[in-house]
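Encoded as structure tokens, the structure appears first; notes follow it.
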Protein chains: 2
Amino acid sequence: MPEFTDSVWTRPARPRTGQPTLSREQIVRAAIELLDAEGAAGLSMRRLGARLGSGATSLYWHVANKDDLLELAVDQVMGEIYVPEPGDTPWRVGVSVMADGMRAMLLRHTWVIGLLGVRPTIGPNVMRMGDRSVALLSAAGFTGPVLSHVHSLITAHVIGAATTEAAVAAAVHRSGQSAAEIRERLEPFLEETAGDYPEYARWRQESGVTEMDPEQVWDQSFAFGLERILDGLELWRVNHIGDTSAAQSGG
Amino acid sequence: MPEFTDSVWTRPARPRTGQPTLSREQIVRAAIELLDAEGAAGLSMRRLGARLGSGATSLYWHVANKDDLLELAVDQVMGEIYVPEPGDTPWRVGVSVMADGMRAMLLRHTWVIGLLGVRPTIGPNVMRMGDRSVALLSAAGFTGPVLSHVHSLITAHVIGAATTEAAVAAAVHRSGQSAAEIRERLEPFLEETAGDYPEYARWRQESGVTEMDPEQVWDQSFAFGLERILDGLELWRVNHIGDTSAAQSGG
DNA sequence: AAGTGACTCGCACAGTGTTCGAGTCCACTG
DNA sequence: CAGTGGACTCGAACACTGTGCGAGTCACTT
């Protein structure tokens with residue numbers, strides 16, 4: 001029975017002495033490249049070994065198993081997220097920068113999304129990100145459990161938005177068609193079922209959403225949501241902290 | 001090359017004449033049971049066939065492939081979400097009921113979470129849910145692209161929150177330990193690295209979060225986020241619609 | 001009685017993650 | 001310098017996966 005406390009991060013790394021041809025960092029990097037290029041289904045230990053010019057089973061010396069490798073890969077790309085220092089900017093800007101950066105990362109590495117619900121990551125990069133987030137939100141005046149709630153709220157928005165966006169993007173990519181082609185092809189199907197979903201059909205027609213650039217819609221949707229969240233948080237701040245000075249400078 | 005428009009939903013169902021021992025509904029139901037009991041990794045066509053007392057390849061008569069089966073399963077459980085009629089309650093309550101229901105569903109069927117980012121679902125239950133959401137949000141005064149943004153915002157919060165919660169729950173379940181045991185075992189590891197993450201360590205100590213019931217914290221975190229989102233939306237409503245009468249009754 | 005189409009299913013194939021044990025090479029000790 | 005131990009590589013093998021194919025069974029129509 002595996003234990004939660006027995007993960008890549010709590011186990012000591014194997015000591016390195018010789019000059020081996022393979023290294024853990026190299027393997028993780030190659031895995032990320034493969035995942036970016038071909039998605040989660042494209043990564044197999046044999047293919048990864050081949051890409052590195054070594055046998056598939058050699059990898060198991062450096063990595064306990066595939067799950068561990070994926071966990072390492074997730075933590076690695078988490079390190080790409082930039083969390084601003086508190087005090088540099090108003091807290092809303094700081095949080096927005098973090099959220100935008102996280103969203104961009106998830107859309108660069110869409111395979112991460114499917115892994116986030118499987119197992120929590122406590123790797124160094126994630127920890128470092130958490131540490132900096134605490135600094136940012138502390139400076140904004142959030143403390144105690146609420147600080148954690150705020151952090152969860154922001155990350156949940158990013159993850160949720162990226163999830164649906166990635167799903168559509170994956171389908172578009174798989175189909176090999178442009179978004180416009182797909183819309184055109186899907187149209188008759190939607191027309192046909194319009195009678196079953198009258199409210200939706202009405203909105204679809206009168207909203208003009210069919211004429212818009214999908215990519216822009218995603219961006220707008222994400223930005224709109226983030227602004228509403230920040231508005232809501234600001235309101236809470238005013239009511240529960242009453243001190244707006246922290247909005248400008250840290251501490 | 002598969003096409004986006006060639007999915008389970010756009011293809012006509014096979015006509016049924018005889019009295020077969022297997023049915024699509026039965027297969028989907030059994031698949032959901034298996035997924036609930038053992039997670040995504042526990043579902044294989046062979047095991048599913050065995051559970052239904054039939055050969056594994058027999059399933060392929062009723063279902064094109066495993067991906068299609070999963071899509072059917074996702075849509076099925078999406079049907080468990082209750083979206084209130086507009087007019088029954090203030091819009092905030094209506095939205096909260098939908099969000100709570102969706103969260104509960106995702107936590108009942110955590111395997112769904114890992115599939116949401118893989119491929120968009122346009123099954124009947126999802127469509128029906130969309131239709132009713134449009135009705136709810138229209139009655140609240142949201143129109144055009146903003147209505148879609150609001151819907152995305154709510155669902156993103158639910159999905160994002162459920163994602164991290166499910167990840168932890170899965171790890172706890174796998175470990176076979178209680179949350180308290182895990183915390184106790186993880187403690188030395190966190191102590192050890194506390195020096196590297198000073199802000200986090202400070203917050204952890206002074207927030208008292210270690211003494212709380214994890215399940216309650218999840219609930220509180222989700223509710224806190226939802227309230228902030230609804231506050232932010234309310235603010236937007238007041239500024240951009242200026243009509244608060246729609247808050248009480250539909251239309 | 002023959003035929004047709006719905007449906008079931010065993011076999012086979014290519015591919016997966018992972019274990020095991022044999023093999024290679026280097027750094028160090030005696 | 002011989003030898004030993006450990007770091008590291010890797011081929012073979014095992015149990016498993018999704019799925020195509022073709023043969024088989026049955027109910028019903030003509």
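Each chain gets a letter, A, B and so on, in the order its sequence line appears, and its residues count up from 1. Remember, predicted model here, so these are calculated numbers, not experimental data.
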Provide, to the nearest angstrom, the distance between the [atom1] atom belonging to [X] and the [atom2] atom belonging to [N].
X       : N      : atom1 : atom2 : value
A/Ile27 : D/dC8  : CD1   : C1'   : 11 Å
B/Arg24 : C/dA6  : CZ    : P     : 15 Å
A/Asp68 : C/dG17 : CG    : P     : 14 Å
A/Leu52 : D/dC10 : CG    : P     : 11 Å
A/Leu22 : D/dC10 : CG    : P     : 8 Å

- Query: Is there side-chain contact between B/Arg103 and B/Phe222, with at least one heavy-atom pair below 4.5 Å?
  - Reply: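 Answer yes - side chains close enough.
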
- Query: Quick one: CG on B/Asp219 to CD on B/Gln216, what's the gap to the nearest 0.5 Å?
  - Reply: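 Separation between the atoms: 7.5 Å.
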
Is any side-chain nitrogen or oxygen of [X] closer than 4.0 Å to OP1 or OP2 of [N]?
X       : N     : answer
B/Ser58 : C/dC9 : yes
B/His62 : C/dA6 : no
A/Trp61 : D/dT9 : no

- Any donor-acceptor N or O pair under 3.5 Å, side chains A/His62, A/Gln26: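 The criterion, which ignores hydrogens and geometry beyond distance, is not satisfied for A/Gln26 and A/His62.
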
- Task: With side chain to side chain contact (heavy atoms under 4.5 Å, CB included) as the test, would you mind laying out the steps for A/Trp111 and A/Val77 before giving the verdict?
- Result: CA-CA 11 Å; A/Trp111 47 271; A/Val77 296; 4.0 Å; yes

Donor-acceptor list for residues 120-127 of chain B side chains, cut-off 3.5 Å, not counting sequence neighbours:
unit_1, atom_1, unit_2, atom_2, d
B/Asn125, ND2, B/Asp75, O, 3.1
B/Asn125, ND2, B/Asp75, OD2, 3.3

- For nucleotides 13-19 of chain D, read 5' to 3', which letter fits each nucleotide if B means a protein heavy atom sits under 4.0 Å from the base, S means only the sugar-phosphate is that close, and - means neither? B---BBB

- Query: Could you give all pairs that pass the side chain to side chain donor-acceptor pair (under 3.5 Å) test and reach residues 152-161 of chain A, with sequence neighbours left out?
  - Reply: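 Side chain to side chain donor-acceptor pair (under 3.5 Å) check on residues 152-161 of chain A returns no pairs.
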
